[in-house]
Amino acid sequence: MPVKRILLISITLFFVSGIFAQTKTVVSSPNKNIQLGFWLSDKGAPMYELTYKNKAVVLPSSMGFELKKTMNDEALPALKEGLTITSSTQTSNDTKWKPVWGDVKEIRDNYNQLAVSLSQKGDKAITFNIIFKVFDDGLGFRYEFPEQKNLTHFIVKDEATQFRMAGDHKAFWIPGDFDSNEFNPNVSNLGEVNGENPKYAANIYAHQFFDTNSAQTPLMMKSKDGLYINIHEAALVNYPAMNLHINKKDFTLTSVLVPDALGNKAYLQAPAKTPWRTIIVSDKATDILASHTILNLNDPSVIKDPSWIKPTKYVGVWWEMHIGKSTWDYAGSQNATSFDAAGLKPTGKHGANTANVKRYIDFASKNGFDGVLVEGWNVGWEDWFGQFKENVFDFVTPYPDFDVKALQQYAASKKVKLIMHHETSASVTNYERQMDTAYRFMKKFGYDAVKTGYVGHIIPRGEHHDGQWMVNHYVRVAKKTAEYKIMLDAHEPVRPTGLCRTYPNWLACEAARGMEFNAWSEGNRPEHDVILPFTRFMGGPMDYTPGIFQLDLSYWDKNKKETIHTTLAKQLALYVTICSPLQMAADLPESYEKKMDAFQFIKDVAVDWDDSKYLEAEPGDYITVARKAKGKDNWFVGSITDENARTTTVDLSFLDAGKKYTATIYADADDASYDKNPAAYKITKQVVDNKTTLTLKLATSGGCAVSLVPVK
Ligand code: NOJ
Ligand code: CA
């Protein structure tokens, strides 16, 4: 259906500010719950505000930019004041589109739009537009710089977008940072955000605090009057990511863009546009999880024939390195010279050896998995970490004990796909040089998915993981992999902003603390998994790597004190509470072989969905979700809790009327708890229909996973 261009009747309010009368344009969401107000202050500054069911979401907040000339750093007149509105147009849209994969099979894109053009006065005047889209569950707005004679190419010195919160909201936050998102999320009021507190500084990668009073987006908040508010961005392309500085007195959040090596924020050439700033809001937490506004604000898929893109469930030579059973390197970490594998003496602990990979291929094939990831297959791991080295990996030279050809044939004979791993060690210029060669090598040897990684300080030196240069790099990789029909999973990238709609081969990103942290740090907290869907997942799927069955890690190494801070049943439920077209069964085959009855759930669970019902949720406390497998009549339910045990009921009224289903319930045993008895589970079966209510008992940091299959 084409975009409907309806001129809406806008409510125009007059109010007195100082001695000037200003006009406020108000635009409502299609269901009228949300109202956006836009006006110019008496100084000619662009201002907006947002309400939800008449409650304040964003109090009057300012917008705009400071710009510089590209050649001589000379300031251009700031686009913050002295502006006039030269045009204002309202339109609306109500269309539907089908994602290549996702939590539902069809998404409605329904909003009312206000587009304003603003200009300075005089013959040096610069013009820019602000586009607002008001959806039933929130607002997106972006700035556009049209082609014009007074602004050709320019530098964004600062973006002055503010979000003035109506109070000292409860916030679910990670500290502001230019390079990493791998922090334990924290829960405090906005006024207590403190990124310097060592309790919060748990990151191991290139991490740098620039401002302890700042947080990253997606920032989830809850107001005292019961509003759930999420601030993030959509379609982050050719621009740096946004952190939010928090004014602790009036709770104004101000955008702080990630700088480049020179301190500049973005280099733009008109016509240009910024990403969308998004504010998702509701009085129901489940609406935040169900929102598709960020996807709606991204451009449609550029991949005309997506038939080669396949949601993937995989296993891999991976967790065994993280728990110390084997190593990525072949010859020990001894600063050996890269690219001369012939001279390296094996330590005997190398994980990616042909026989071991065949063992994983056998396991994947026997249990119906699509893929096998192999890390540590290529030369360079002897000296990859923390060295700031430029030419560590070449992505085509295997270690001597990894037989590329034999494994290609073996995997093909077992109908399993090998998944490539490209750790760039953040030497990104090196990766850019090698990309075509690396992807050609992949296609030649039957790989059609790659996991990339960016551990360390970015080269070019001084650039940041979340700055404009790297943002462009990640998009370049998405485009180039698409050219080669390769699916992509990026680790340590900038936080996602819904670009998987435009590049659906970009199945997942990491950009948060995944399961790996449980293997070698103080671990993820019991509340981690009930916060992430409200924060990190707002921008898109994550390669979280759930499914750990051997929860006490001293089993692998007597000196290891680490344990996984969840029960086994919660590990199963994560496959449903997490929505991702790429899901790993992260533990070792031998861990699963001991508990094949529980493993059955991971074998059965889908990774792509026709429908999702967000049944109940409270950020930081609990989440219960039901999802219907793509193209099938099977449903899956996942329910998880934080450190508090919980009993909940699930009303199965979403099932087809008149149909009977066999429910297999994977629950915490009565004596289970995450810290004392995490592996205790029980499996029961019962016949249910759409009138049944299930009572689920969740242990501390526990969970429950249910599969529902129609009775034949
Ligand atoms: C960090 C990634 O998140 C992890 O999955 C990977 O195994 C290591 N880097 C090595 O590349
Ligand atoms: Ca990581």
Side-chain angles (χ1 to χ4, degrees), residues 58-59 61-66 156-203 205-223 229-233 236 239-261 263-266 274-275 277-279 458 462-468 470-471 492-497 511-513 531-532 534-536 538-539 619:
V58 180
L59 295 173
S61 295
S62 50
M63 321 175 88
F65 289 95
E66 285 178 43
V156 175
K157 192 167 163 241
D158 267 313
E159 182 188 313
T161 304
Q162 299 199 324
F163 309 82
R164 206 171 126 215
M165 296 293 101
D168 191 9
H169 300 334
K170 183 178 183 183
F172 301 83
W173 59 275
I174 55 174
D177 196 272
F178 299 156
D179 286 285
S180 182
N181 333 83
E182 301 189 3
F183 300 92
N184 265 318
N186 307 288
V187 186
S188 77
N189 283 356
L190 283 173
E192 289 154 6
V193 168
N194 179 1
E196 205 173 34
N197 186 331
K199 180 177 140 204
Y200 303 146
N203 184 265
Y205 299 130
H207 168 63
Q208 161 188 341
F209 285 111
F210 63 92
D211 166 13
T212 57
N213 294 329
S214 70
Q216 296 187 37
T217 74
L219 176 63
M220 184 68 212
M221 290 168 281
K222 186 182 183 185
S223 72
I229 304 166
N230 184 285
I231 299 185
H232 189 36
E233 55 185 315
L236 173 59
Y239 204 75
M242 173 178 74
N243 287 278
L244 295 170
H245 170 84
I246 303 164
N247 178 324
K248 306 260 179 88
K249 293 204 181 78
D250 67 359
F251 312 112
T252 298
L253 313 176
T254 305
S255 67
V256 181
L257 302 177
V258 175
D260 77 343
N264 293 326
K265 305 299 163 46
T274 70
R277 277 64 190 92
T278 61
I279 304 157
I458 300 291
E463 294 298 339
H464 294 289
H465 285 74
D466 301 344
Q468 183 188 23
M470 281 303 289
V471 162
E492 298 88 38
V494 69
R495 44 205 169 274
T497 56
R513 279 168 75 106
I531 295 176
L532 282 187
F534 291 97
T535 54
R536 160 64 183 78
M538 293 301 292

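Among pairs with a residue in residues 157-166, those fulfilling salt bridge (charged side-chain N to carboxylate O under 4.0 Å, His left out) read Glu66-Lys157, Asp158-Lys265, Glu159-Arg277, at least two apart in sequence or across chains.
When all heavy atoms are compared, the tightest approach of Met165 to Leu59 is O-CD1, 3.7 Å. In plain terms, the two heavy atoms of Ser180 and Asp466 that are nearest each other are N-OD2, 4.3 Å.
When side chains are defined from C-beta on, Thr254 does not count as touching Asn247, because their heavy atoms never get closer than 4.5 Å. In this structure the side chain of Thr497 never reaches within 4.5 angstrom of the side chain of Thr278, judged on heavy atoms. The shortest distance between side-chain heavy atoms of Tyr239 and Leu257 falls below 4.5 Å. Side-chain contact check for Trp173 versus Leu190: every heavy-atom pair is 4.5 Å or farther apart. Under the 4.5 Å side-chain criterion, counting only non-hydrogen atoms from C-beta, Ile458 is in contact with Met470. Residues Glu182 and Glu492 meet the side-chain proximity criterion, which asks for heavy atoms closer than 4.5 Å. Looking at Ile531 and Val187, their side chains come closer than 4.5 Å, going by heavy atoms from C-beta outward. Contact check for Asp260 versus Gln468: no side-chain heavy atoms found under the 4.5 Å cut-off.
Residues meeting the side chain to side chain contact (heavy atoms under 4.5 Å, CB included) test with Val471, sequence neighbours left out: Leu236, Val494.
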